[in-house]
Amino acid sequence: MNDRANTLLQQIKGGLVVSVQAYPGEPMRHPETMAQIALAAQQGGAVAIRCQGLADISAIRGQVDVPVIGLWKDGHDGVFITPTLRHARACMMAGADIVALDATRRPRPDGLTYAQTVAALHDEGAIVMADCGSFEDAVMAAEAGSDILSTTLSGYTGERPKTDGPDFEVLHRIVEEFPDHPVLCEGRIHTVDQARQVMEAGAWAAVVGTAITHPTSITRWFAAAVKEGVAK
């Protein structure tokens, strides 16, 4: 790991990473809107921003001065988070300080292995975050030389049940197996208590998206609670 990678990882350590994303067709789906939300998150204490799509990466990079974790979602099934080396290179060119890749053991669309992709990106100076779906994925990703391991895809690939809240079991296993490796916990952290708990479990940093940056989902949570209260 080079000096730049070490510096960025130390900036993230012990902090909150905010994922700023909107889905196709949603009112907030606009690079300028995403950049404004990212800046608001930084002002609130976010130590890094995770974002999706080349336009969003570029717009957010121009607004914030914390590390930007970039990815490019292409497709809906199988490997679609920065699925190829070409996608990863484009994220780097757009301004991502760290590139997040699908780090599952599934075949990649360009025919390269995950390890080959990481090796090529490291040759070009990239810092790689491995979005894992299981402990076994994390082992593979670590062996491939990933700079960061994350629980991002746990519960979404069929290997792990989709837990109500973070997958603490897989987090504990990865942290225990790789004590010297930065391990981020991402996925279904919906409360401040859950964020605190993942840090107590040994996570390098906590990644929160929906609970901070997706007002449609947050509104649904409150609306459902209100209806439940009226029903009683």
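All figures in this text were calculated on a predicted structure; none of them were measured in a lab.
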- Query: Are Leu153 and Leu71 connected in a single hydrophobic cluster, I mean Ile/Leu/Val/Met/Phe/Trp/Tyr linked by side-chain heavy atoms less than 4.5 Å apart?
  - Reply: yes
- Any donor-acceptor pair under 3.5 Å from Thr151 side chain to Ser154 backbone: no
- Message: Keeping Gln42 on the side-chain end and Asp65 on the backbone end, is there a donor-acceptor pair under 3.5 Å?
- Response: yes
- Message: Working note: Val128 + Ile148, criterion side-chain contact (heavy atoms from CB on, under 4.5 Å); need CA distance, chi angles, decisive distance, verdict.
- Response: CA-CA 6 Å; Val128 177; Ile148 302 169; over 6 Å; no
- Cationic N near anionic O, under 4.0 Å, Arg105 to Asp137: yes
- Do you see a donor-acceptor pair shorter than 3.5 Å between the side chains of Thr157 and Glu159? no
- Message: A side-chain contact here means heavy atoms from C-beta on lying under 4.5 Å apart; do Phe80 and His76 qualify?
- Response: no
- Item | Between Thr163 and Arg188: side-chain donor-acceptor atoms closer than 3.5 Å | yes
- Which pair of heavy atoms, one from Arg108 and one from Thr84, lies closest together, and at what distance? NH2-N, 4.4 Å
- Message: Which heavy atom of Ala38 sits nearest to which heavy atom of Val20, and what is that distance?
- Response: CA-CG2, 4.0 Å
- Within 6.0 Å of CD in Gln10, more than 12 heavy atoms from elsewhere: yes
- Would you tell me whether His122 and Asn2 have side-chain atoms, one donor and one acceptor, within less than 3.5 Å of each other? no
- Message: So, taking the atom named OG1 in Thr213 and the one named CD1 in Ile37, what distance separates them when rounded to the nearest 0.5 Å?
- Response: 6.5 Å
- Message: According to a hydrophobic-cluster definition based on side-chain heavy atoms being under 4.5 Å apart (Ile, Leu, Val, Met, Phe, Trp, Tyr only), do Ile189 and Val183 belong together?
- Response: yes
- Item | Common cluster, Val99/Leu54, ILVMFWY with side-chain heavy-atom separation under 4.5 Å | no
- Item | Side-chain heavy atoms of His172 within contact of Glu177, under 4.5 Å | no
- Query: Of Thr82, Asp74, Thr117, Asp102, which is the lone residue that meets side chain to side chain donor-acceptor pair (under 3.5 Å) with His87?
  - Reply: Asp74
- Task: State, yes or no, whether a side-chain contact exists between Val68 and Ile60 at a heavy-atom distance under 4.5 Å.
- Result: yes
- Any chance CG of Asp123 has more than 12 other-residue heavy atoms, nucleotides or ligands included, within less than 6.0 Å? yes
- Closest non-hydrogen contact found for Pro67 with Leu8 is CG-CD2, 3.6 Å
- Task: Give, for atom CD1 of Ile57 and atom CE of Met93, the distance between the pair rounded to the nearest 0.5 Å.
- Result: 12.0 Å
- Query: Under a 4.0 Å N-O cut-off, is there an ion pair linking Asp97 with Arg61?
  - Reply: yes
- Query: In this structure, are over 12 heavy atoms from other groups packed under 6.0 Å from Glu26 atom CD?
  - Reply: yes
- Task: Compare every heavy atom of Ser19 with every heavy atom of Gln21, then report the nearest pair and how far apart it is.
- Result: NE2-OG, 3.0 Å
- Should the ring pair Phe178 and His181 be called parallel, tilted or perpendicular, given that the plane angle runs from 0 to 90° and is split at 30 and 60? perpendicular
- Message: Please report the interatomic distance CD1(Ile49) to CD1(Ile69), rounded to the nearest 0.5 Å.
- Response: 9.0 Å
- For the pair Thr104 (side chain) and Gly133 (backbone), establish whether a donor and an acceptor sit closer than 3.5 Å, ignoring hydrogens and angles. no
- Note on the structure: Rounding to 0.5 Å, atoms CG (Leu149) and CE (Met140) come to a distance of 10.0 Å
- Task: Name the orientation class of the two ring planes belonging to His214 and Tyr23 (parallel below 30°, tilted from 30 to 60°, perpendicular beyond 60°).
- Result: perpendicular
- Message: Contact between Val47 and Val18 at the side-chain level, heavy atoms closer than 4.5 Å - yes or no?
- Response: no
- Test: Arg50 and Asp56 ion pair at under 4.0 Å: no
- Item | Inter-residue atom distance Gln36.CD - Gln63.CD, 0.5 Å rounding | 7.0 Å
- Message: Just by distance, no angles: are the side chains of Tyr114 and Ser146 close enough, under 3.5 Å, to form a donor-acceptor pair?
- Response: yes
- Message: Measuring only between side-chain heavy atoms, which start at C-beta, is Gln11 closer than 4.5 Å to Val66?
- Response: no
- Audit row: Val17, Val208, side-chain contact (heavy atoms from CB on, under 4.5 Å) steps and yes/no: CA-CA 6 Å; Val17 178; Val208 180; over 6 Å; no
- Donor-acceptor pair, side chain of Gln116 and main chain of Thr113, under 3.5 angstrom: yes
- Please assess Val198 against Gln194 for the test side-chain contact (heavy atoms from CB on, under 4.5 Å), listing each intermediate value before the final yes or no. CA-CA 6 Å; Val198 301; Gln194 289 173 339; 5.5 Å; no
- Query: Would you find a donor on one side and an acceptor on the other, under 3.5 Å apart, between the side chain of Trp221 and the backbone of His190?
  - Reply: no
- Are Ile174 and Met199 joined in one hydrophobic group, where the rule is that I, L, V, M, F, W and Y side chains link up if heavy atoms are under 4.5 Å apart? yes
- Message: Counting neighbours of CG on Asp164 that are heavy atoms of other residues, nucleotides or ligands and sit closer than 6.0 Å, is the number greater than 12?
- Response: no
- In Å and rounded to the nearest 0.5 Å, what is the CG to OG distance from Asp131 to Ser150? 5.5 Å
- Could you go through the side-chain contact (heavy atoms from CB on, under 4.5 Å) check for Arg86 and Asp110 one step at a time? CA-CA 9 Å; Arg86 176 180 66 86; Asp110 58 3; over 6 Å; no
- Single-linkage hydrophobic cluster, 4.5 Å side-chain cutoff, Leu101 and Trp204 together: no
- Shortest non-hydrogen contact between Val175 and Ala201, atoms and distance: CG1-O, 3.9 Å
- Which atom pair, heavy atoms only, marks the closest approach of Ala141 to Ala130? CB-CB, 3.6 Å
- Item | Side-chain donor/acceptor of Arg160 to backbone N/O of Ser134, under 3.5 Å | no
